[in-house]
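Below is one structure, written out as structure tokens; comments come after it.
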Number of protein chains: 2
Amino acid sequence: MKELEDILKTSKTLPLSRKTIINVFLSNTYFKDEMLSVLKPFDLSVEQFNVLRILRGQNEKPLNLQDIQDRMVNKMSNTTRLIDKLLLKGFVERNTCAKNRRKIEIFITQDGLKTLSVLDPIIDDIEQQMTSNLSQTELEQLNNLLTKLKA
Amino acid sequence: MKELEDILKTSKTLPLSRKTIINVFLSNTYFKDEMLSVLKPFDLSVEQFNVLRILRGQNEKPLNLQDIQDRMVNKMSNTTRLIDKLLLKGFVERNTCAKNRRKIEIFITQDGLKTLSVLDPIIDDIEQQMTSNLSQTELEQLNNLLTKLKA
DNA sequence: ATATTACATTTGTATATACAATTGTTGTAT
DNA sequence: ATACAACAATTGTATATACAAATGTAATAT
């Protein structure tokens, strides 16, 4: 993993705020790349995977697009198109809501559930690995700092 | 800013590693959105802005595409196309390298430099603002933890 | 009852990114 | 000198995201 100093070769000392922001960008890339390399063989992007997990969390109850969008970690401008791709792969189903035909209900399929259950231990593993350089105490500190940061 | 609990309504307690990863994703989005809203009026994306700063750091000396890519915070699969857009806006110039015609040298223009000099204090400001919930000590802690995380 | 407004999703356009294939140039091996 | 490998950038295809406009449905106001 590249360090700040390696990347910003020509720079003087950066203000702490900028260093922090850059470090968050780098950490984000680090996590996303690792996740993607695990999900790739399952033909899923990180975002698609997260939506599938959201749908599973509903225990077979459907969610409409806005509900999904609200629960997404990376706010998605285009849930429609993301769902389109999950549909093509057979991981979700889509129905117009009977009570309010403006809304679209989305379900996870058996195939989607099966894929998630295969992925669960793999993802747990990579998440552990990616954070293994920090102790539990340090992880808690990091969490608290990040939460406070954007409070 | 949304909290983890608000987003993941249906979830049980998450493992600390997952919480940390999600928190980094959220922080990344937070920073990027704020930066973008500042850069938007200047017709620049966050990534384009960063490349311009890299080029300025060279003090008028040119960089080829690979050098730029190495210095970029968000590794860019397509520096070519990013530079294309900076070119259209007149912020950079592009020449084939005489010594090695495979390489393309890229310079920042006066217009690019002028735009950066206008942006400098604005960016400093927003960076301060975005991190103002943390003390200097906390920012240092956060930096150290993030560095250690991906060491 | 019709017009207007608000709601929910879709579509279009643009940028950033991932990855593979292609093009053109240079260096090397024989 | 020619063939082949390595290098540097470009192009093509796909996904995610930002934002605006368009479509279709429901609620309301008169």
Side-chain angles (χ1 to χ4, degrees), chain A residues 25-26 28-52 54 62-70 72-89 91-92 94-106, chain B residues 25-26 28-52 54 62-70 72-89 91-92 94-106:
Chain A
F25 284 161
L26 291 175
N28 179 74
T29 301
Y30 165 63
F31 287 140
K32 233 188 143 185
D33 284 358
E34 293 287 323
M35 296 278 283
L36 182 59
S37 72
V38 165
L39 293 172
K40 197 108 211 181
F42 296 86
D43 197 23
L44 283 172
S45 71
V46 175
E47 295 78 7
Q48 288 169 12
F49 172 68
N50 282 330
V51 169
L52 277 188
I54 289 168
L63 278 178
N64 63 43
L65 283 182
Q66 282 198 337
D67 292 337
I68 293 176
Q69 205 156 344
D70 289 342
M72 285 174 75
V73 172
N74 302 304
K75 65 175 174 184
M76 176 63 177
S77 298
N78 246 306
T79 316
T80 300
R81 284 189 276 242
L82 190 149
I83 296 293
D84 280 346
K85 279 145 205 168
L86 290 174
L87 243 166
L88 283 174
K89 294 166 190 167
F91 291 146
V92 301
R94 169 154 66 178
N95 290 314
T96 304
C97 176
K99 291 184 185 164
N100 187 341
R101 285 169 47 217
R102 286 175 293 188
K103 294 190 181 185
I104 304 281
E105 292 176 335
I106 295 152
Chain B
F25 285 162
L26 291 175
N28 179 74
T29 301
Y30 165 63
F31 286 140
K32 232 186 142 187
D33 284 358
E34 293 288 323
M35 295 278 283
L36 183 59
S37 72
V38 165
L39 292 172
K40 196 107 210 181
F42 296 85
D43 196 23
L44 284 172
S45 70
V46 176
E47 295 77 9
Q48 289 170 11
F49 172 68
N50 282 330
V51 169
L52 277 188
I54 289 168
L63 278 177
N64 64 42
L65 284 181
Q66 282 198 338
D67 292 337
I68 294 175
Q69 205 156 346
D70 289 344
M72 285 172 76
V73 172
N74 302 303
K75 66 174 174 186
M76 176 64 177
S77 298
N78 247 305
T79 317
T80 299
R81 282 189 275 242
L82 189 150
I83 296 292
D84 280 346
K85 279 144 204 168
L86 290 175
L87 244 166
L88 283 174
K89 293 165 190 167
F91 292 147
V92 300
R94 170 155 63 178
N95 290 314
T96 306
C97 178
K99 290 185 187 163
N100 185 342
R101 285 168 47 217
R102 283 174 295 189
K103 294 190 180 183
I104 304 281
E105 293 176 337
I106 295 152

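Below, chain A is the first sequence line, B the second, and so on; all start at residue 1.
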Tell me the closest heavy-atom pair linking A/Leu26 and B/Val73, and the distance in Å.
CD2-O, 3.5 Å
Do B/Lys32 and A/Asn28 come within less than 4.5 Å of each other through their side chains, counting heavy atoms only?
no
What is the distance, rounded to the nearest whole Å, between atom CG of B/Asp67 and atom C1' of D/dA9?
13 Å
So which nucleotide from D/dC19, C/dT15, D/dA9 ends up closest to the side chain of B/Gln66?
D/dA9
When you look at B/Asn95 and B/Ile106, which way does the side-chain contact (heavy atoms from CB on, under 4.5 Å) test go after all the steps?
CA-CA 7 Å; B/Asn95 290 314; B/Ile106 295 152; over 6 Å; no
Distance from A/Met72 atom CE to B/Phe25 atom CZ, nearest 0.5 Å?
12.0 Å
Using the side-chain heavy atoms of B/Arg101, tell me which of these nucleotides is nearest: C/dT26, C/dT9, C/dT15.
C/dT26
Do the side-chain N or O atoms of A/Arg94 get closer than 4.0 angstrom to the phosphate oxygens (OP1, OP2) of C/dT10?
yes
Euclidean distance, atom NZ of residue A/Lys85 to atom C1' of D/dT13 [Å, nearest integer]
12 Å
Does D/dT17 have OP1 or OP2 under 4.0 Å away from a side-chain N or O of A/Ser77?
no
Counting side-chain heavy atoms from C-beta on, which of D/dC19, D/dA9, C/dT9 comes nearest to A/Ile104?
C/dT9
Among the nucleotides C/dT10, C/dA18, D/dA26, which one has an atom lying closest to any side-chain atom of A/Asn100?
D/dA26
Would you tell me if any nitrogen or oxygen in the side chain of A/Arg102 comes within less than 4.0 Å of OP1 or OP2 on C/dC7?
no
For a quick check, tell me whether the side chain of A/Arg81 and the base of C/dT13 share a donor-acceptor pair closer than 3.5 Å.
yes
Any donor-acceptor N or O pair under 3.5 Å, side chains A/Gln66, A/Lys103:
no
Between C1' of D/dA18 and OH of B/Tyr30, the distance in whole Å:
19 Å
Starting at atom CG of B/Asn64, determine the distance to atom P of D/dA8, rounded to an integer number of angstrom.
7 Å
Comparing A/Cys97 and A/Glu47 on DNA chain D - which has the more 5′ nearest nucleotide
A/Glu47
In whole angstroms, how far is the P atom of C/dT9 from the CG atom of A/Leu82?
14 Å
Among D/dA9, C/dT26, C/dA18, which is the nearest nucleotide to the side chain of B/Lys103?
D/dA9
Starting from P on D/dC19, measure out to CD on A/Gln69 and report it in whole angstrom.
13 Å
Would you kindly give the CZ-to-P distance between B/Phe25 and D/dT17, to the nearest whole Å?
10 Å
Pairwise 5' ranking along DNA chain C for B/Leu44 and A/Lys40, keeping only the more 5' one:
B/Leu44
Nucleotide C/dT15, atom C1' - distance to CE of B/Met35 in whole Å:
16 Å
